**Q** 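Here it is: the structure, laid out below.
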Amino acid sequence: MRIADKNVTRAVLERHGFTFKKSFGQNFLTDTNILQKIVDTAEIDQNVNVIEIGPGIGALTEFLAENAAEVMAFEIDDRLIPILADTLGRFDNVTVVNQDILKTDLQTQIKNFKNPDLPIKVVANLPYYITTPILMHLIESKIPFSEFVVMMQREVADRISAEPNTKAYGSLSIAVQYYMTAKVAFIVPRTVFVPAPNVDSAILKMTRLDAPAVAVQDEDFFFKVAKASFVHRRKTLWNNLTSHFGKTEEIKTKLEQALQTADIKPSIRGEALSIADFARLADSLKTVGLK
Ligand code: SAM
């Protein structure tokens, strides 16, 4: 019997008198087929260390521990720590850290892996209220994670993996695809969780690129330009750029010049621009002195 079996989950929750905390995004998985599919998608084996965020009562952790070299799981809710000691006590390759992942110094933590030289993958059923901050925290930690295989709201997974000229494409797609390839592996119905969330979920597989997808002069400025181009999605790129940089004649002349250099029409919408287009645009804007 697995922790994720509905009867086992119910018994564990009852035994510990656990009540769900909505503010922590607690929706526990109770489907062993899906858990196996997550482990298969992440290609976890004895040569991989895993970081898990939010183990809950250990449903996914159990599958990870059986397959990976080692698992380090970060859980914010201290009420779950004794429960995890109960459900996962038999594993000697699992460490549960009672910390908010957003406040964790990951560079220091990963030194605690018994074999810190193994590739590290992040595998998790993420708390939905902070999916994007967690992903950005992990990406920006500069730890060379080889892969993220994480469950999130389907709508967010679609946005992250979106291609140009689609409704879902936006600054989040660019923020992630600058560093990683992103692909929806499979969809998970809301019915397999307790309690059931209001939306369906998706497993998103993100693989780190050897180098960023495009070369830019100034990363922060590149992300700023991408963000500004999507502020009013229905407006043209020109309107979004003038809203952001200003509408004086001097600025407009500089904008025209930069767009011409980047070979981008002012009348298109931000969603038509690829990451490479945004890189050219940001570099040209910087060259004409816009900030
Ligand atoms: N992995 C379990 C499963 O699949 O059944 C639970 C997943 S549940 C969607 C999210 C988990 O993340 C909860 O256990 C919650 O307490 C935890 N959590 C929420 N915010 C967190 C944070 N900032 N840092 C670490 N864990 C967090």
Side-chain angles (χ1 to χ4, degrees), residues 1-13 16 18-39 41-42 44 50-68 71-88 91 94-106 109 121-138 140-141 148-157 185-186 188-204:
M1 290 282 265
R2 301 293 195 152
I3 300 168
D5 280 317
K6 281 201 168 68
N7 290 335
V8 177
T9 294
R10 198 177 306 126
V12 169
L13 296 175
H16 293 272
F18 184 81
T19 49
F20 294 100
K21 219 177 202 176
K22 230 180 159 180
S23 60
F24 283 156
Q26 291 176 338
N27 302 96
F28 296 168
L29 250 175
T30 59
D31 187 312
T32 52
N33 291 325
I34 288 177
L35 287 164
Q36 187 59 52
K37 253 173 104 172
I38 295 174
V39 171
T41 302
I44 301 298
V50 173
I51 287 198
E52 186 190 2
I53 296 131
I57 61 168
L60 174 58
T61 328
E62 179 179 49
F63 277 73
L64 295 170
E66 283 170 358
N67 291 278
V71 183
M72 198 181 284
F74 295 89
E75 175 54 63
I76 196 171
D77 188 347
D78 46 15
R79 301 172 309 150
L80 286 166
I81 306 307
I83 303 185
L84 287 162
D86 172 16
T87 57
L88 301 174
F91 292 107
V94 175
T95 309
V96 175
V97 185
N98 185 196
Q99 269 183 24
D100 177 346
I101 189 69
L102 295 179
K103 295 188 182 142
T104 300
D105 176 2
L106 279 168
Q109 288 289 349
K121 297 190 178 186
V122 175
V123 186
N125 171 14
L126 292 174
Y128 294 171
Y129 72 109
I130 43 166
T131 299
T132 311
I134 290 177
L135 283 179
M136 296 325 291
H137 177 68
L138 295 173
E140 284 161 8
S141 72
F148 297 166
V149 174
V150 288
M151 176 123 69
M152 60 185 71
Q153 264 176 260
R154 183 180 183 172
E155 183 248 329
V156 180
F186 59 95
V188 181
R190 63 194 82 179
T191 47
V192 300
F193 299 91
V194 283
N198 297 327
V199 290
D200 289 332
S201 302
I203 294 289
L204 189 68

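From a predicted model like this one, the values you see are computed outputs, not experimental measurements. Order of listing sets the numbers, starting from 1, for every ligand and every atom in it.
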**Q** Using a 4.0 Å cut-off to any heavy atom of D100, which atoms of ligand 1 qualify?
**A**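 In order of number, 22 (C), 23 (N), 24 (N).
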
**Q** Looking only at protein heavy atoms, which one is nearest to atom 14 (O) of ligand 1, and what is the separation?
**A**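 So the nearest neighbour among protein heavy atoms is E75 OE1, 2.7 Å.
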
**Q** Relative to the heavy atoms of E52, which atoms of ligand 1 are at a distance of less than 4.0 Å?
**A**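 Going through ligand 1 atom by atom, the ones under 4.0 Å from E52 are 1 (N).
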
**Q** Work out which heavy atom in H137 is nearest to a heavy atom in T104; give both atom names and the distance.
**A**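 Minimum heavy-atom contact is NE2-O, 3.6 Å.
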
**Q** Strictly under 4.0 Å, does any heavy atom of M151 approach an atom of ligand 1?
**A**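 Under 4.0 Å: no for M151.
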
**Q** List the closest protein heavy-atom neighbour of atom 24 (N) of ligand 1: residue, atom name, distance to the nearest 0.1 Å.
**A**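 Heavy-atom neighbour on the protein nearest atom 24 (N) of ligand 1: I101 N, 3.0 Å.
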
**Q** Which protein heavy atom lies closest to atom 10 (C) of ligand 1, and at what distance to 0.1 Å?
**A**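 Minimum-distance protein heavy atom for atom 10 (C) of ligand 1 reads G25 O, 3.5 Å.
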
**Q** So which protein heavy atom does atom 5 (O) of ligand 1 come closest to, and at what separation?
**A**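 The closest one turns out to be L29 N, 2.8 Å.
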
**Q** Mind checking whether F28 contacts ligand 1 via backbone (N, CA, C, O), side chain (CB onward), both or neither, at a 4.0 Å heavy-atom cut-off?
**A**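 Under 4.0 Å from ligand 1, F28 contributes backbone and side-chain atoms.
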
**Q** Can you find a heavy atom in the side chain of M152 that is under 4.5 Å from one in the side chain of L135?
**A**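 In short, these two side chains touch, coming nearer than 4.5 Å.
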
**Q** Okay, side chain of E62, backbone of L88: is any donor-acceptor separation there less than 3.5 Å?
**A**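 A pair under 3.5 Å: no.
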
**Q** Which of the atoms in ligand 1, numbered in the order shown and given with their element, are less than 4.0 Å from a heavy-atom of L80?
**A**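 Atoms satisfying the 4.0 Å criterion: 14 (O).
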
**Q** How close do V97 and M72 get, counting heavy atoms only, and between which atoms?
**A**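 Smallest heavy-atom distance, with atoms named: CG2-CG, 4.1 Å.
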
**Q** Which atoms of ligand 1 have any heavy atom of L126 under 4.0 Å away?
**A**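 So the atoms of ligand 1 that pass are 9 (C).
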
**Q** Quick test: of every protein heavy atom, which one is nearest to atom 20 (N) of ligand 1, and how far off is it to 0.1 Å?
**A**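 Answer, as residue, atom name and distance: Y129 OH, 2.9 Å.
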
**Q** Could you report the tightest heavy-atom contact between G56 and L80, atom names first, then the distance?
**A**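 So the two residues come closest at O-CD2, 3.5 Å.
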
**Q** For atom 2 (C) of ligand 1, what is the nearest protein heavy atom, given as residue, atom name and distance?
**A**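 Scanning the protein heavy atoms, the shortest distance from atom 2 (C) of ligand 1 goes to P55 O, 3.3 Å.
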
**Q** Within the structure provided, determine whether Q36 and N33 are in side-chain contact (heavy-atom separation under 4.5 Å).
**A**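 Q36 vs N33: side chains apart.
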
**Q** Could you list the atoms of ligand 1 found under 4.0 angstrom from a heavy atom of Q99?
**A**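 It comes down to these atoms of ligand 1: 24 (N), 25 (C).
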
**Q** Taking atom 19 (C) of ligand 1 as the point of reference, which of Y128, F24, F20 owns the nearest heavy atom?
**A**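 Selected option, by shortest heavy-atom distance: F24.
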
**Q** So with a 6.0 Å cut-off around CG of N198, is the heavy-atom count from everything else above 12?
**A**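 Open.
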
**Q** Considering non-hydrogen atoms of the protein only, which is the closest contact for atom 4 (O) of ligand 1, and what is the distance?
**A**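 Closest protein heavy atom to atom 4 (O) of ligand 1: N125 ND2, 2.8 Å.
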
**Q** Report the part of T61 (side chain from C-beta onward, or backbone N, CA, C, O) that has a heavy atom under 4.0 Å from ligand 1; answer both or neither where that applies.
**A**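 For T61, there is no contact with ligand 1 at all, from either part.
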
**Q** Over all heavy atoms of both residues, which pair between L84 and G58 is shortest? Give the atoms and the distance, please.
**A**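 Where L84 meets G58 most closely, the heavy atoms are CD2-N, 3.5 Å.
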
**Q** Under a heavy-atom criterion of less than 4.0 Å, does K21 contact ligand 1?
**A**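 K21: no contact with ligand 1 (<4.0 Å).
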
**Q** Out of N27, T131, I76, whose heavy atom is nearest to atom 22 (C) of ligand 1?
**A**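 It is I76 whose heavy atom sits nearest to atom 22 (C) of ligand 1.
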
**Q** Taking 4.0 angstrom as the limit and counting only heavy atoms of Q26, give me the atoms of ligand 1 inside it, by number and element.
**A**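 Those qualifying, in numeric order: 13 (C), 15 (C), 16 (O).
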
**Q** State, yes or no, whether a side-chain contact exists between F20 and N27 at a heavy-atom distance under 4.5 Å.
**A**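 A side-chain contact under 4.5 Å is absent here.
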
**Q** Do you know the tightest heavy-atom contact between A65 and F91?
**A**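 Closest pair (atom of A65, atom of F91, distance): CB-CD2, 3.6 Å.
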
**Q** Which residue holds the protein heavy atom closest to atom 1 (N) of ligand 1, what is that atom called, and what is the gap in Å?
**A**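 So the nearest neighbour among protein heavy atoms is G54 O, 2.8 Å.
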
**Q** For ligand 1, indicate whether the residue I57 contacts it via side chain, backbone, both or neither (heavy-atom separation under 4.0 Å).
**A**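 Neither part.
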
**Q** Answer with side chain, backbone, both or neither: which part of A124 has a heavy atom less than 4.0 angstrom from an atom of ligand 1?
**A**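 Looking at A124 and ligand 1, no heavy atom falls under 4.0 Å.
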
**Q** For M151, is there any backbone N or O sitting under 3.5 Å from a side-chain donor or acceptor partner on S201?
**A**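 No.
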
**Q** Check V199 against R190 and note the closest heavy-atom contact, atom names and distance.
**A**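 Closest heavy-atom pair between V199 and R190: O-CB, 3.4 Å.
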
**Q** Is the shortest side-chain heavy-atom distance between F18 and D77 below 4.5 Å?
**A**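 Side chain of F18 against side chain of D77, heavy atoms only: contact under 4.5 Å found.
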
